[in-house]
Amino acid sequence: MRKETKSIVILGGGTAGWIAANRLATHWEHLDLDITLVESPDIGIIGVGEGSTPPLKLFLDVIGVEESDWMARCEATYKTGITFRNWSTKPGFHEYFHPFQCQPDELVLPAFYHNSFLRRQGVDLDGHPSQFFLAWHLALQRLAPITPPNFPFKMNYGYHFNSGLLGEFLHEWAAKKGVKYKQAKVTEVVLDDQGFIDYLETDSEDTIKADFYVDSTGFRSQLLQQALGVPFESCEDVLYNDSAVVFPTEPDENPEPQTISTALKYGWVWKIPLTSRFGNGYVYSSKYVDDDDAEMELREHLGLVDSDIEARRLKFKVGRVREHWYKNCLAVGLSQGFIEPLEATALDMVQETVACFVDYANKGEMSDRYRNEFNARISKRFDAVRDYIVCHYRINTRTDTPYWRDAGSNEQISQSLRELLMAWLGGKNITDEIERQNLDAYFPSMSWNCLLAGKGIYPTDEQVRPGNELAHKYDLKDIEKYLKGCALNFPAHMEQLDLLKKAEAA
Ligand SMILES: Cc1cc2nc3c(=O)[nH]c(=O)nc-3n(C[C@H](O)[C@H](O)[C@H](O)COP(=O)(O)OP(=O)(O)OC[C@H]3O[C@@H](n4cnc5c(N)ncnc54)[C@H](O)[C@@H]3O)c2cc1C
């Protein structure tokens, strides 16, 4: 961090702004730094984004938050992974589970890779991924991914939560760390003669001035894109969705700790269990269906055609900014970009951006060299996540609407994704290809294997041959027995959440 930086203003109080506030205040606790978060309640937050990946737990650990501090308050549940339903029409592959990789997987991954690899060579082996993962057994049995005493491995898990309540919680936590808070709407961003942000004019008498600014103003990107003019690079040519319609439904008393993503005619629907409700949202492309028809399709899917509960409609754009840190401004959250929510990666990107910024700012005292390296690293992360999500669409086998047919034949995919698909289809070991392209820091080989195997990108049953004993070296019944046996020792999901509620009340 540059010695002369004495003050930081974070503009925007959505989840991204509060994550940034907590992380900066924690990492730079030892510096004499004034951090103020400014937001306009009139504009409000986007209010979606209710599923996470495992790094949310790491972030909460770093800032000193325990599960008993926040989970009950934010209506949170555990998340062991995501089930993708109806993305593939291949027999036996109508759904599959994508777990968060964890230590016990190391014992069974060789069996999955072996079966999957030989299946691609045309040997008649079962290469469906779900059955190989403990997290899947936990989800189906409604068990929490909390390791029982004496279990020798660590689980890796994410959360589902009410995003508005998480923002409120993080606001209070940041206040304890000394972050100041101000309500104001920024109306004008004034630059100095070198093009740096000088100060902000607001709808009150006040102006706001700092040495460094964090733009967390959501899709408006008021500082980075609007005032500083950093270009936005869209990826709508490979990701068609630009709209969502969101609808809550009654909670389940004992929900499965997983997100369900079901493909519909023009996109997909998430189903996210909170303790107070299910969050449901249809993510679709307005180029293929109009908003009313999309809402009706969601209502039909949920069996709520006549319900008078109002749905919320949202618009979004997919892509990223060319530079996330420019002059004296860092963009985090939707202001820096958004890859659609299929793998719930947006908050992961926020944390990575802030953590990496702290690292590079510390190393290089905010010099250009480190700024350029930082920007390249974050952009690479965006692009790698984009490709993984594009792959979901590119390998879908639905033909029921032009939306799915166009997505399934889209030739605009990146060279990196093209080479990965060629490796899979050419029967090669894709772990090697992932390593060659240095992609495992974003989605590990296990995730790519799950995606391609889970959608049944294999020779058909008619095209395969029996194979010898060596090929059939893993007995799937034994693996299932073993995993079910492990799962038996895990605590029930709801019991675990009740314990957290009691701990919070105490
Ligand atoms: C349909 C959909 C589903 C999603 N699902 C997921 C998911 O499952 N998992 C996940 O990780 N992410 C998801 N996301 C992304 C997630 O919602 C966001 O990353 C997250 O909410 C952070 O948003 P934000 O803080 O960047 O922006 P916002 O929540 O929009 O906050 C913007 C803030 O800026 C303030 N502001 C703006 N302009 C001004 C101004 N001029 N003056 C003062 N204040 C201003 C506003 O008041 C507000 O406080 C989803 C997004 C969409 C669109």
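Remember, it's 1-based here, ligands and their atoms both numbered in the order they're listed.
Ionic pairing of E295 and R299 is present here: one or more N-O contacts between side-chain nitrogen and carboxylate oxygen are shorter than 4.0 angstrom. Remark: K317 does not engage D242 in a salt bridge, criterion side-chain N to carboxylate O under 4.0 Å. The existence of a salt bridge linking R313 and D292 is confirmed by a sub-4.0 Å separation between a basic side-chain nitrogen and an acidic carboxylate oxygen. Note on E50 versus R277: salt bridge recorded, some NZ/NE/NH1/NH2 to OD/OE distance being below 4.0 Å. For the pair D192 and K327, the salt-bridge criterion is not met [side-chain N within less than 4.0 Å of a carboxylate O]. Salt bridge annotation for D383-R386: present, with a cationic side-chain nitrogen under 4.0 angstrom from a carboxylate oxygen.
Taking every non-hydrogen atom of E50 and a distance limit under 4.0 Å, the qualifying atoms of ligand 1 come out as 7 (C), 8 (O). For ligand 1, the atoms closer than 4.0 angstrom to any heavy atom of T15 are 21 (O), 25 (O). For ligand 1 and G333, the ligand atoms under 4.0 Å from any heavy atom of the residue are 26 (O).
In terms of N/O distances under 3.5 Å, ligand 1 is approached by V186. The N/O atoms of L334, backbone and side chain alike, include one that comes under 3.5 Å of an N/O atom in ligand 1. Looking at ligand 1, you'll find an N or O of E39 within less than 3.5 Å of one of its N or O atoms. In terms of N/O distances under 3.5 Å, ligand 1 is not approached by G12. Ligand 1 has a nitrogen or oxygen under 3.5 angstrom from a nitrogen or oxygen of I46.
Contact annotation for R220 and ligand 1: only side-chain heavy atoms (C-beta onward) come within less than 4.0 Å of the ligand. With a 4.0 Å cut-off on non-hydrogen atoms, A184 touches ligand 1 through its backbone and not its side chain. With a 4.0 Å cut-off on non-hydrogen atoms, L11 touches ligand 1 through its side chain and not its backbone.
With distances taken over non-hydrogen atoms, the option nearest atom 1 (C) of ligand 1 out of A244, G13, A331 is A244. When the heavy atoms of G44, G218, G49 are ranked by distance to atom 46 (C) of ligand 1, first place goes to G44. In this structure, of Q183, M349, Q222, the residue bringing a heavy atom nearest to atom 41 (N) of ligand 1 is Q222. Among P41, G281, S40, G17, the residue whose heavy atom sits closest to atom 44 (N) of ligand 1 is S40. For atom 10 (C) of ligand 1, the candidate residues are P341, G51, S216; the nearest heavy-atom contact is made by G51. Considering each of T53, V48, V318, the one bringing a non-hydrogen atom nearest atom 52 (C) of ligand 1 is V48. Between the choices V189, T259, V246, L347, the shortest heavy-atom distance to atom 11 (O) of ligand 1 belongs to L347. Of the options A344, A16, A346, the smallest heavy-atom separation from atom 12 (N) of ligand 1 is shown by A346.
Outside the 6.0 Å centre-distance limit, the rings of F169 and W70 are not counted as a close aromatic pair. A distance below 6.0 Å separates the ring centres of W448 and Y388.
At least one heavy atom of W270 sits less than 4.0 Å from an atom of ligand 1.
For T217 and D215, the side-chain atoms include at least one donor-acceptor pair closer than 3.5 Å. Side-chain contact of K271 with T262: a donor-acceptor pair under 3.5 Å is absent, judged by distance alone. A donor-acceptor contact closer than 3.5 angstrom links the side chains of Y393 and W268.
If you check which protein heavy atom lies closest to atom 51 (C) of ligand 1, you get F338 CZ, 3.2 Å. Among all protein heavy atoms, the one lying closest to atom 45 (C) of ligand 1 is I43 CD1, 3.8 Å.
Counting only heavy atoms from C-beta outward, the side chains of V350 and F59 never approach each other to under 4.5 Å.
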query = Where do Y288 and Y266 land on the ring-ring contact (aromatic ring centres under 6.0 Å, His included) test, with the steps shown first?
reply = CA-CA 7 Å; Y288 290 85; Y266 306 99; 7.3 Å; no
